[in-house]
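Only one structure is covered here, and it is reproduced in the block below.
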Amino acid sequence: MHPLRSAALCSLVLLVAACGGTTTPATASEPITVVASTNVYGDIARQVGGDRVDVTSIISDPGQDPHSYEASTRNQLTLSKAKVVIENGGGYDDFVDTMLKAGGNTSARVINAVTVSGKTAPAGGELNEHIWYDLPSVAKIADQISTALATADPANAATFTANADAFKNKLKPLEDRTAALAAEVGGTAVAITEPVPLYLLDAAGLENLTPEEFSEAIEEGDDVSPAVLAETTALFTGKKVEALVYNEQTSGPQTEQLKKAATDNDVAVVPVTETLPEGKDYVGWMTSTIDALQAALVP
Ligand SMILES: [Zn+2]
């Protein structure tokens, strides 16, 4: 193009948007399309991206068990348009990779929480894939989201970094409170119905006495044998634990039975969930969970 005509065109465009650089003015103001497998990661993406992101969370219904989620063609369409994708990994939300591939989206930046966390299965055990209950890993995920968004929208990189830092600053007091719990009631025995809260319980120094056969069966949506159920129930009738940390999103007749045993034996029940409850953000949710643990365990 003739330089003069180019300059003239440029000054015309200036009326609408800044001219120059390699970004197209028409798309520079479009928010970045982000898709998260659950509303937990969706909320973190929103904290980091602010008004520069358009976030869709595939699983956000508190009445739904994410472990048994069946993806739909609508999810595939949503994922096919994503610029940034946040998945948990570790077998939790395999449908994300499947649908990205099926929809032909090979350009999205995919953040895998398990990979970011660096967590692996313990010797002879299974990986606990509920990474979002591990506060240090969540801080790392916020940084990864910031990096991915900056790649999609370099002009706002500093904003994303500042937002991620602000989010991490809110995690710090939660980590401090968890450490304080460990100092105060560390070593206290508790039971769970399903592994979702285990990273947080570990950080609080609590000892999980639940037979693994019980919590893993509940996670898989299976029933346990009468012997395993009896062994788990004995934790309450025998007053072996101080609290039952109860996953409300993976409940069933056997977990209900356990909750009744806890209540009947004056053992505190601390409710937890897999995804964000209605009307709470990540930090507010974790704050309530730590509040509930503290209320149950600190005399
Ligand atoms: Zn779970």
Side-chain angles (χ1 to χ4, degrees), residues 37-44 57 59-69 88 90 92-93 113 117 119 126-138 141 171 174-175 177-178 181-182 185 188-212 214-221 232 235-236 241-263 267-298:
S37 63
T38 77
N39 63 358
V40 179
Y41 297 120
D43 178 67
I44 300 168
S57 299
I59 305 174
S60 58
D61 177 358
Q64 185 155 45
D65 176 0
H67 291 285
S68 53
Y69 181 75
N88 184 74
Y92 192 74
D93 46 12
S117 75
K119 302 271 186 203
E126 290 203 19
L127 167 78
N128 175 11
E129 80 275 26
H130 303 89
I131 299 299
W132 61 98
Y133 272 81
D134 183 54
L135 298 166
S137 293
V138 169
I141 292 161
L171 295 181
L174 296 179
E175 287 189 50
R177 283 189 60 195
T178 312
L181 262 182
V185 294
T188 301
V190 298
I192 58 169
T193 51
E194 196 270 353
V196 76
L198 280 182
Y199 286 118
L200 188 66
L201 302 186
D202 277 350
L206 304 172
E207 199 190 338
N208 169 33
L209 296 190
T210 320
E212 233 177 270
F214 185 89
S215 50
E216 298 212 334
I218 299 304
E219 182 178 25
E220 301 295 328
T232 313
L235 295 173
F236 308 101
V241 294
E242 298 289 323
L244 169 64
V245 186
Y246 189 88
N247 186 345
E248 291 182 323
Q249 237 164 321
T250 60
S251 59
Q254 292 191 322
T255 65
E256 291 292 339
Q257 211 172 319
L258 215 59
K259 182 153 75 173
K260 187 174 183 309
T263 317
V267 173
V269 177
V270 177
V272 289
T273 55
E274 299 269 339
T275 61
L276 265 188
E278 192 92 39
K280 279 217 163 75
D281 65 8
Y282 178 80
V283 170
W285 178 40
M286 284 297 139
T287 303
S288 320
T289 305
I290 295 168
D291 286 346
L293 269 181
Q294 189 167 342
L297 299 172
V298 179

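In this chain, residues are counted from 1 in sequence order.
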Exercise for the section: Taking side chain to side chain contact (heavy atoms under 4.5 Å, CB included) as the test, write out the residues that go with E274, two or more places apart. Expected result: P66, H67, Y92, H130, W132, E194, V196, N247, Q249, T250

Fill in the blank from the handout: Distance col, row L235:CG vs L244:CG, nearest 0.5 angstrom, shows 9.5 Å

Exercise for the section: Test L297 against V190 for side-chain contact (heavy atoms from CB on, under 4.5 Å), laying out the working first. Expected result: CA-CA 9 Å; L297 299 172; V190 298; 4.2 Å; yes

Practice task
Let me see the working for V40 and V138 under side-chain contact (heavy atoms from CB on, under 4.5 Å), right down to the final yes or no.
Solution key: CA-CA 10 Å; V40 179; V138 169; over 6 Å; no

Completion exercise
In terms of heavy-atom contacts, A203 and A182 come closest through O-CB, 3.7 Å

Practice task
Supply the atom-to-atom distance L200 CG to L206 CG, rounded to the nearest 0.5 angstrom.
Solution key: 8.5 Å

Practice task
Please examine the side chains of P62 and P277, heavy atoms only from C-beta on, and report whether any two atoms are closer than 4.5 Å.
Solution key: no

Handout entry: Spacing of L258 atom CG and Q254 atom CD [to the nearest 0.5 Å]
Key = 9.0 Å

Problem - Gap separating the CG atom of N88 from the OG atom of S37, nearest 0.5 angstrom - result: 6.0 Å

Handout entry: T178 side chain to A204 backbone, donor-acceptor under 3.5 Å
Key = no

Fill in the blank from the handout: Smallest heavy-atom separation, Q294 atom then L181 atom, equals CA-CD2, 4.1 Å

Handout entry: Pair D43 + K280, salt bridge at N-O below 4.0 Å
Key = no

Handout entry: Listed partners of E256 passing side chain to side chain contact (heavy atoms under 4.5 Å, CB included), at least two apart
Key = Y246, S251, K259

Exercise for the section: Please check if any side-chain donor atom of D93 sits under 3.5 Å from a side-chain acceptor atom of Y69, or the reverse. Expected result: no

Problem - Side chain D281, main chain G284, donor-acceptor under 3.5 Å - result: yes

Fill in the blank from the handout: Minimal heavy-atom distance between P197 and V245, with the atoms involved, is CG-CG1, 3.6 Å

Handout entry: Partner set under ring pair (Phe, Tyr, Trp, His ring centres under 6.0 Å) for Y133, not counting sequence neighbours
Key = W285

Exercise for the section: Show your working on side-chain contact (heavy atoms from CB on, under 4.5 Å) between Q64 and I59 and close with a plain yes or no. Expected result: CA-CA 8 Å; Q64 185 155 45; I59 305 174; 4.3 Å; yes

Practice task
Report yes if some heavy atom in the side chain of D202 is under 4.5 Å from a heavy atom in the side chain of N208; otherwise report no.
Solution key: no

Problem - Backbone N/O of S57 and side chain of N39: donor-acceptor pair under 3.5 Å - result: no

Problem - Close side-chain approach of L171 and M286, heavy atoms under 4.5 Å - result: no

Fill in the blank from the handout: Here the gap from I218 atom CD1 to D65 atom CG, rounded to the nearest 0.5 Å, amounts to 10.5 Å

Exercise for the section: Give a yes or no on whether the backbone of N128 and the side-chain of Y199 come within a donor-acceptor separation of less than 3.5 Å. Expected result: yes

Handout entry: Contact summary for I131 and A113, nearest pair of heavy atoms
Key = CG2-O, 3.9 Å

Problem - Between CD1 on residue I44 and CG on residue L276, distance to nearest 0.5 Å - result: 8.0 Å

Exercise for the section: Please check if atom CD in E242 has more than 12 non-hydrogen atoms from other residues, nucleotides or ligands closer than 6.0 Å. Expected result: no

Completion exercise
Between G90 and L127 the two heavy atoms that sit nearest each other are CA-CD2, 4.1 Å

